[in-house]
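Each remark here refers to the structure printed beneath this line.
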Amino acid sequence: MQKPSIPRGTRDFGPQQMAKRNYIFNTIKAVYQKFGFSQLETPTLENLSVLTGKYGDEGDQLLFKVLNSGDFLSKTSEDDYKAGSKALLNKVSEKGLRYDLTVPFARYVVMNRNDITFPFKRFQIQPVWRADRPQKGRYREFYQCDADVVGTNSLLCEAEIIVMINEVFENLNLENFTIKINNRKILQGFTEVIGAPGKETELCVAIDKLDKIGKEKVIEELENNGFDAENLKKLDPIFSIGSDLQANLEFLEGFFTDCEIGKEGLKETKEILTYLEAFDLQDSHLELDITLARGLSYYTGSIFEVKANGVKIGSICGGGRYDNLTGVFGLKDVSGVGISFGVDRIYDVLEELELFPASSDSDLQVVIVNFGEETQSASIKLLSSLRAASINAELYPDASKMKKQMTYANKRNVPFVIVIGEDEIKSGEYVLKNMLDGNQENLSPESIISTIKDNLKS
RNA sequence: GUGAUUGUAGCUCAGUUGGUUAGAGCGCCGGAUUGUGGUUCCGGAGGUCGCCGGUUCGAGACCGGUCUUUCACCCCA
């Protein structure tokens, strides 16, 4: 006999967890649809040629590769083996599990460019896989909920995304969160102003950690990556910057007087803010964080990330604009912008802050106690009436002891139990028991249904 | 991928320098209550101490490997 197990970093989801997860999925999906996005699904497996090279060297390492079917060694030679794992990989694997939803989406757009009307807005809710070491809030299989718009440069899309983020978290009753926004052009502007053009990646990677490891360590890392004293001196002012939106805008205004790319990033950010004013949000939760960089290398314009305040977990949502994602697949000049909600992390946040509504625990509303053959037809008749009235109901399948059936109903968190025994059949009035307060009364089938319906409304 | 860390009943955890038959709480099952759950009382079942190997007269405890958990890097939802 063997012990059953699941791969590291993966999870089963039981009924209670699924109820809660669906609550999150449904909330996000409803908002996406309201904003005009339509749903798309792509295969779990992609050709490795589609996936590799899109996420940087680090990303390639985190791809799950799938061994070719059949005798995967038949097309290899001893030389391939000697050439090392990388070279051998190409010979034994040509498919991999999707790493995110954006690249498959880009692939879809290019393959279907003739059938798509632009701007194309789609959302996609599917699992993705990454072969990194699991930690809390980090899994090897997890769901992403993406929404992207491609085929327009309009910054209205950015603004709408921020509105959507607000609406999703508002609907999830999460109030204490921050949307951090920045622009890759602003970061690129930094490298130009300080005299280190072309070193965006190094700067981004280091500066992204500012709130985590502090100024000294960031400077140390920059020095190790070839930034000289002059560079660092010019960079110094941005370390002392706060999170106040207006103040940061003014600061950048001065910082970028002679820098075109920086000015552009600033202008874009301001335009987004102008749109947001028109949307008239009560609280946009917005913060201009000029140290926000985000890892994915394909971002070229605005970038954003959402943090749940007071919960020790990474970002729960992120995204940005990419100007040339379809370019690698041969389709030029298609700009896109998108976001992705991390359901698994949102779940952990809602759980920790106890924000799941009680109703997401159970969906069964009534259990009818089974007394055996004599009462069965009356029970089934009532069962059907309950269901016809859109009340989730079931008849206990066996005529077990009442105690056992009551225990079952209690465990399922059912608010009502109906008892139909011999006495009840005679009188035509059944027992309706409220499981919350323990009270029960004899009622006609019609009053039972209306009582339950009234209760559900409140 | 690098460096740590965790694993004992369904769950949360005790278990002394290596020494008889590995414990508790909760949960589960049964009874008190042959038509009433959630509270109370009584009883019961349940463990290859993650797995494989080693040291030892003797290993839950020590050593090696492996899997898993968590954490820090790296990176990220």
Side-chain angles (χ1 to χ4, degrees), chain A residues 1-11 14 24 28 55-63 85-86 98-102 125-146 201 204-206 208-209 212-213 217 221 293-297 299 304-308 312-319 338-349 367-372 375 396 399-425 430-440 442:
Chain A
M1 200 182 74
Q2 59 164 14
K3 260 191 184 174
S5 64
I6 54 174
R8 125 182 269 203
T10 66
R11 296 147 303 154
I24 301 174
I28 294 171
Y55 313 104
D57 289 343
E58 298 280 352
D60 285 356
Q61 280 194 327
L62 298 179
L63 285 173
S85 29
K86 257 191 184 166
R98 82 169 91 78
Y99 177 92
D100 70 358
L101 301 177
T102 312
I125 300 178
Q126 288 187 274
V128 302
W129 292 267
R130 295 185 189 175
D132 64 356
R133 285 223 184 152
Q135 296 180 22
K136 184 170 193 169
R138 264 178 112 154
Y139 308 98
R140 289 186 149 177
E141 179 185 56
F142 61 96
Y143 273 73
Q144 287 190 332
C145 304
D146 275 30
T201 313
C204 285
V205 169
D208 200 38
K209 299 175 199 158
K212 215 167 164 187
I213 62 174
K217 294 266 182 185
E221 187 169 328
R294 288 189 61 76
L296 288 172
S297 45
Y299 292 127
F304 18 79
E305 197 164 281
V306 181
K307 300 275 270 187
K312 209 184 161 211
I313 201 160
S315 59
I316 52 177
C317 175
I339 41 159
S340 181
F341 287 89
V343 174
D344 303 271
R345 285 186 178 176
I346 293 173
Y347 183 102
D348 289 346
V349 169
V367 168
I368 301 175
V369 176
N370 191 328
F371 272 83
T375 61
Y396 194 85
S400 313
K401 278 192 218 165
M402 170 116 58
K403 185 185 168 95
K404 183 166 178 164
Q405 301 193 41
M406 293 296 284
T407 305
Y408 169 82
N410 191 50
K411 290 241 173 74
R412 293 278 316 254
N413 250 320
V414 173
F416 292 103
V417 166
I418 295 169
V419 181
I420 307 177
E422 270 178 64
D423 301 347
E424 286 76 14
I425 299 271
Y430 307 149
V431 171
L432 176 66
K433 173 157 181 157
N434 182 321
M435 294 296 276
L436 284 180
D437 56 25
N439 295 332
Q440 62 185 52
N442 288 41

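Order of the sequence lines sets the chain letters (A, B, ...), proteins ahead of strands, with each chain counted from 1. All values below were derived from every heavy atom in this structure, side-chain atoms included, with hydrogens, water molecules and symmetry-related copies excluded.
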Exercise for the section: Note every stem involving RNA chain B: at least three consecutive Watson-Crick or G-U wobble pairs, i with j then i+1 with j-1, with both distances under 3.5 Å. Expected result: B:1-4 with B:70-73, B:10-13 with B:23-26, B:28-32 with B:40-44, B:50-54 with B:62-66
Practice task
May I ask you to say what A:Gly59 touches in the nucleic acid, namely base, sugar-phosphate or nothing, with a heavy-atom cut-off under 4.0 Å?
Solution key: nothing
Fill in the blank from the handout: Residues at least two apart in sequence or cross-chain that pass salt bridge (charged side-chain N to carboxylate O under 4.0 Å, His left out) with A:Glu424, listed by chain then number, are none
Practice task
Looking at every strand, decide which applies to A:Gln61 at a 4.0 Å heavy-atom threshold: base, sugar-phosphate, or nothing.
Solution key: nothing
Practice task
Would you mind telling me which of B:rG31, B:rC28, B:rG37 lies closest to the side-chain atoms of A:Lys411?
Solution key: B:rC28
Completion exercise
For A:Arg140, the salt bridge (charged side-chain N to carboxylate O under 4.0 Å, His left out) test, sequence neighbours excluded, returns none
Handout entry: Interatomic spacing from CD1 in A:Ile418 to CD1 in A:Ile368 - rounded to 0.5 Å
Key = 5.0 Å
Exercise for the section: Could you tell me whether A:Glu424 contacts a base, only the sugar-phosphate backbone, or nothing, with contacts defined as non-hydrogen atoms closer than 4.0 Å? Expected result: base
Practice task
To the nearest Å, give me how far apart CD (A:Gln440) and P (B:rG38) are.
Solution key: 15 Å
Exercise for the section: May I ask you to say what A:Gln405 touches in the nucleic acid, namely base, sugar-phosphate or nothing, with a heavy-atom cut-off under 4.0 Å? Expected result: nothing
Problem - Separation of A:Tyr299 OH from A:Thr102 OG1 (nearest 0.5 Å) - result: 6.0 Å
Practice task
Quick one: label A:Gly319 by what it contacts on the DNA or RNA (base, sugar-phosphate, nothing), any heavy atom closer than 4.0 Å.
Solution key: nothing
Handout entry: Candidates B:rU36, B:rC73, B:rG37 - which lies nearest the side chain of A:Val431
Key = B:rU36
Handout entry: Nearest-angstrom distance from the residue atom CD1 of A:Ile425 to P of B:rG35
Key = 15 Å
Fill in the blank from the handout: Ordered by number, residues from residues 138-145 of chain A within less than 4.0 Å of RNA chain B (heavy atoms) are A:Arg138, A:Tyr139, A:Phe142, A:Gln144
Problem - First encountered from the 5' end of RNA chain B, between A:Arg133 and A:Phe371 - result: A:Arg133
Practice task
Mark yes or no for a side-chain to base donor-acceptor pair under 3.5 Å between A:Gln135 and B:rU69, with no hydrogen or angle criteria applied.
Solution key: no
Handout entry: Base B:rG37 to side chain A:Asn410, donor-acceptor N/O within 3.5 Å cut-off
Key = yes
Problem - A:Tyr143 versus A:Pro127, closest heavy-atom pair with distance - result: CE2-CD, 3.5 Å
Practice task
Could you tell me whether A:Ser340 contacts a base, only the sugar-phosphate backbone, or nothing, with contacts defined as non-hydrogen atoms closer than 4.0 Å?
Solution key: nothing
Exercise for the section: Could you tell me which residues satisfy salt bridge (charged side-chain N to carboxylate O under 4.0 Å, His left out) with A:Arg11, sequence neighbours excluded, listed by chain and number? Expected result: A:Asp344
Problem - Spacing between A:Lys403 atom NZ and B:rG35 atom P, to the nearest angstrom - result: 13 Å
Exercise for the section: Could you please name the option among B:rU36, B:rC75, B:rU2 that lies closest to any side-chain atom of A:Met406? Expected result: B:rU36
Fill in the blank from the handout: note: A:Trp129, atom CH2; B:rA77, atom C1'; distance rounded to Å ~ 14 Å
Exercise for the section: Would you kindly check whether a donor in the side chain of A:Lys401 faces an acceptor in the base of B:rG35, or vice versa, at under 3.5 angstrom? Expected result: no
Handout entry: Between C1' of B:rG35 and CD1 of A:Ile418, the distance in whole Å
Key = 16 Å
Exercise for the section: Take atom C1' in B:rA72 and the same atom in B:rU66, then report the distance between them in whole Å. Expected result: 23 Å
Practice task
Could you tell me the separation between the CG atom of A:Asn442 and the P atom of B:rG35, rounded to a whole number of Å?
Solution key: 17 Å
Problem - Between P of B:rU69 and CZ of A:Arg11, the distance in whole Å - result: 11 Å
Exercise for the section: Look at all strands and tell whether A:Ile346 reaches a base, only sugar-phosphate, or nothing, counting heavy atoms closer than 4.0 Å. Expected result: nothing
Problem - Options B:rC29, B:rC75, B:rG30, nucleotide nearest the side-chain atoms of A:Leu62 - result: B:rC75
Exercise for the section: May I have the distance from A:Phe341 (atom CZ) to B:rA77 (atom P), rounded to whole angstrom? Expected result: 13 Å
Problem - Touch class at under 4.0 angstrom, heavy-atom based, for A:Val419 against every strand present - result: base
Practice task
Tell me, please, which residues at least two apart from A:Asp60 pass side-chain contact (heavy atoms from CB on, under 4.5 Å).
Solution key: A:Thr52, A:Leu63
